[in-house]
Amino acid sequence: MSEKVLLVDDEKEFLDIMSERIQARGMTVRTATSASQALSILGEETFDAIVMDFQMPEMDGMEALKAIKEKSPE
């Protein structure tokens with residue numbers, strides 16, 4: 001079973017490049033262009049790792065991390 005990674009960044013080009021590179025290493029990748037979209041995805045799936053931009057509009061990475069830890073402390 002391959003590792004699952006969630007990439008979160010408001011820059012679509014960055015997501016596309018990083019997604020390709022991670023997939024080339026045999027991992028499964030989901031992407032989100034906002035913290036709120038990431039939280040929605042995390043309500044449906046679990047991931048082995050989350051790579052998140054800290055400076056995003058609407059909700060920054062630190063706020064998103066707090067929300068993620070509230071939902072899933074583990």
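Residues S2 and G26 share a closest heavy-atom pair of CB-O, 3.0 Å. Residues L15 and A32 approach most closely at CD1-O, 3.5 Å, considering heavy atoms.
A 4.5 Å side-chain heavy-atom check between L7 and I22 finds at least one atom pair inside the cut-off. Using a 4.5 Å cut-off on side-chain heavy atoms (C-beta onward), T33 and D10 make no contact. At a threshold of 4.5 Å between non-hydrogen side-chain atoms, the residues M59 and L39 count as touching.
Neither M18 nor M52 shares a network with the other; the hydrophobic side chains, linked directly or stepwise wherever heavy atoms of I, L, V, M, F, W or Y lie under 4.5 Å apart, form separate groups for each. Residues M56 and L42 share a hydrophobic cluster, clusters being chains of Ile/Leu/Val/Met/Phe/Trp/Tyr side chains in contact below 4.5 Å. Residues I41 and V5 do not share a hydrophobic cluster, defined by chaining ILVMFWY side chains whose heavy atoms lie under 4.5 Å apart. If you chain together hydrophobic residues whose side chains sit under 4.5 Å apart, V51 and F47 never meet in one group. V8 and M62 fall into different hydrophobic clusters, where Ile, Leu, Val, Met, Phe, Trp and Tyr side chains are chained together by heavy-atom contacts under 4.5 Å.
Among residue pairs with one or both ends in residues 42-54, those qualifying as side chain to side chain donor-acceptor pair (under 3.5 Å) are K4-E45, R30-E45; sequence neighbours excluded.
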Could you go step by step and tell me if S36 and E58 meet the side chain to side chain donor-acceptor pair (under 3.5 Å) rule? CA-CA 8 Å; S36 60; E58 171 193 323; 2.7 Å; yes
Evaluate the side chain to side chain donor-acceptor pair (under 3.5 Å) criterion for residues S19 and T31: first the C-alpha distance (whole Å), next the side-chain angles of each, then the deciding distance (0.1 Å), finally the verdict. CA-CA 8 Å; S19 180; T31 62; over 6 Å; no
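Going from atom CD of Q55 over to atom CG of D9 covers 10.5 Å, rounded to the nearest 0.5 Å. From I17, atom CD1 reaches atom CD of E11 across 10.0 Å, with rounding to the nearest 0.5 Å.
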